[in-house]
Amino acid sequence: MNEINRRAMIAASASALLLPDMLFAQTGGDAFSWDRLVAQAQRLARAPFKETPPHPGAAKVDYDALHQARFRDARTLWGDLPGDTGVRFFPLSVNAAQPVSIAIVEKGRATPLRYDPTMFETPAGNAVAALGPDAGFAGFRIMNAARDGDWLSFLGASYFRAPSPQKQFGLSARAIAINTSLAGKEEFPRFTHFWLERTGNSSVTIYALLDGASIAGAFRFVSSLGPQGVQQDVTAALFPRRAIPELGLMPMTSMFWYDQANRVQGTDWRPEIHDSDMLSIASADGSAHARPIVNPSAPHFSAFKEVSPKGFGLLQRDRDFDHYQDDGVFYDRRPSLWSTPTRPLGAGAVRLYAFPTDSEYTDNVAAYWTPDAAPRAGARIDLAYRLDWSAARTPASTGPASTGIAIVENVWRGRGDGDADRLVIDFAGVAAGSKPDIWADVAGGTLIKKAGYPVLGREGLFRTVLDIQRAQGKSADIRLQLRAGDRALSEYVHYPLGV
């Protein structure tokens, strides 16, 4: 993850109305099906990996060239049909230099599309126009009915993303993550071929072939736009070429610079800057876990052991504009992303990896599922899950909202008594008049004192205050939960102090 700046790549290309025009490369089309695609991926995994070379002209397509190129509205695929499934295509650029193949599926037949530079309206001398008629595509995006924005895009490696219902983009998903937390060893398999099938006024099914040094695979994304956001039902068949030390499934990638608990890290005038502020996990036993995200001083990862969890996600829980004061990119409107397995995952762990950042332009956070069973060459891994891109502070179907427990509302840090650290966590949704027990545990330090009380004038808000003594220069892991006897009243909070 630390080898690619996904945010710079997308910011550069999504800021322009891109793309060339596509023409059918042939009129008939070949038979196409999911089973055929899976078989193709399996055959690919048995052959030596061959990297797709970058297009020689892509290095000249910088941010300015992309910004100047405007996609011609009339060239929008399915643009003459009603609904939100019009498709436009990204040209190659310095940050997306390897071409992908794209085909259209109708009635079980796949017809390839051919890149055409006249799809773009460009000024004289623009590098997009100079790419040539055989350059190929970098990716694509699904447009809304007004054609003034998109609700889904695939661009670069195996990255894809959707906005919140407020039409604001933020974090991204990936098809797969390989060796993300292993220094210098991360791989970025990429989608090399796409097949697009229009399935409704606001829905499209995307098929994709994945290829990389360690793995090949087939993916199917049944994607739809609804009032609560974008939903995708994902099916995948993966075929490792070799043993993979860390295989990350259902990965998502985000950015966290600082928030109210880490204000000293912020050199910007805005009070908070982050795309996501919480990792949320719904365990099979019904418990809910909350891991506030921090910007660490060195690369850091946490692992949460689970057996077939109900789901996990990176959330933008803080949705108060006043906490960000950003009237340009609106961090309060960034989407939350929740992954719900629809096929049992078995034993493994949800991992959260982060590395330091001092800007908002580098994605420094990743969350993914790692199975206990190490993938081996020649095996097949089948995966099925649902992705919900929403404005939810917590997922309604499988997360804390479904169990009625209190959720983390705010986190602050400061100096406690003496040289102790003070950690303040507010929980929202605590029943009026209740007196919850405060269960707390500290690994790598000593709990000096704890306290809790309802916040006056704030219905349902309960504040906990912990003073923790850490060894000088050492970090501590804090666990906290509100309980009534043995019954959980809140999320089970995991907080790393001093990382």
Side-chain angles (χ1 to χ4, degrees), residues 1-4 6 41 45 154 156-161 171-191 208 210-219 221 232 234-256 275-276 279-281 289 291 293 296 299-309 311-315 337-355 362-377 379-387:
M1 181 176 174
N2 52 353
E3 297 175 9
I4 188 170
R6 194 276 312 166
F154 282 73
S158 69
Y159 286 94
F160 58 100
R161 63 178 190 159
L171 80 169
S172 297
R174 280 194 275 177
I176 198 166
I178 293 183
N179 302 336
T180 296
S181 70
L182 306 183
K185 296 184 178 180
E186 185 169 17
E187 296 178 21
F188 293 91
R190 57 184 295 268
F191 288 135
L210 182 82
D211 195 18
S214 295
I215 201 166
F219 279 79
F221 303 89
Q232 296 178 282
V234 186
T235 308
L238 302 171
F239 303 95
R241 282 190 167 97
R242 60 192 183 193
I244 301 173
E246 185 190 56
L247 176 64
L249 303 176
M250 302 177 288
M252 46 194 76
T253 299
S254 194
M255 178 276 295
F256 183 95
D275 282 344
S276 306
L279 169 68
S280 178
I281 303 170
H289 299 259
R291 165 55 157 85
I293 300 173
H300 182 271
F301 83 90
S302 303
F304 303 90
K305 298 290 289 184
E306 295 283 341
V307 177
S308 294
F312 69 93
L314 290 177
L315 311 180
L337 177 57
W338 184 260
S339 180
T340 304
T342 52
R343 179 188 180 103
L345 294 173
V350 176
R351 289 195 172 197
L352 179 69
Y353 173 72
F355 61 87
T362 299
D363 283 350
N364 64 319
V365 176
Y368 46 93
W369 172 260
T370 300
D372 279 352
R376 54 183 176 82
R380 172 172 173 165
I381 302 169
D382 287 293
L383 193 63
Y385 56 101
R386 173 169 291 179
L387 293 176

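Just so it is clear, the model here is predicted, and its values are computed rather than measured.
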Nearest-0.5 Å distance, [atom1] of residue [X] to [atom2] of residue [Y]:
X      : Y      : atom1 : atom2 : result
Tyr368 : Arg174 : OH    : CZ    : 8.5 Å
Phe301 : Leu182 : CZ    : CG    : 8.5 Å
Thr370 : Tyr353 : OG1   : OH    : 13.0 Å
Ser181 : Leu352 : OG    : CG    : 11.0 Å
Phe188 : Ile176 : CZ    : CD1   : 12.5 Å
Met252 : Ser172 : CE    : OG    : 11.0 Å

Would you check if [X] and [Y] make a side-chain contact, meaning some heavy-atom pair closer than 4.5 Å?
X      : Y      : result
Asp372 : Lys305 : yes
Leu279 : Leu314 : yes
Lys185 : Pro245 : no
Pro371 : Leu345 : no
Pro375 : Ile381 : yes
Trp369 : Pro341 : no
Pro251 : Thr180 : no
Phe160 : Leu387 : yes

#### Entry: By ring pair (Phe, Tyr, Trp, His ring centres under 6.0 Å) - contacts of Phe256 (at least two apart)
His274

### Task
Anything under 30° is parallel, anything over 60° is perpendicular, the rest tilted; go ahead and classify Phe219 against Phe221.
parallel

Where is the tightest heavy-atom contact between [X] and [Y], given as atom of each residue plus distance?
X      : Y      : value
Asp275 : Leu171 : OD2-N, 4.1 Å
Pro240 : Ala379 : CD-O, 3.3 Å
Ala216 : Ala41  : CB-O, 3.7 Å
Phe312 : Leu249 : CZ-O, 4.3 Å
Tyr385 : Ala175 : OH-O, 4.5 Å

N/O donor-acceptor pair under 3.5 Å between [X] side chain and [Y] backbone:
X      : Y      : answer
Asn364 : Phe355 : yes
Asn179 : Glu246 : yes
Ser308 : Gly346 : yes

### Task
Might you work through the side-chain contact (heavy atoms from CB on, under 4.5 Å) test for Ser158 and Leu210, ending with a clear yes or no?
CA-CA 8 Å; Ser158 69; Leu210 182 82; 3.9 Å; yes

### Message
List the residues meeting side-chain hydrogen bond (donor to acceptor under 3.5 Å, both in side chains) with Glu306, not counting sequence neighbours, and say none if there are none.
### Response
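Ser283.
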
### Query
Would you call Arg241-Glu187 a salt bridge at under 4.0 Å N-O?
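A salt bridge is absent here (no side-chain N lies under 4.0 Å from a carboxylate O).
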
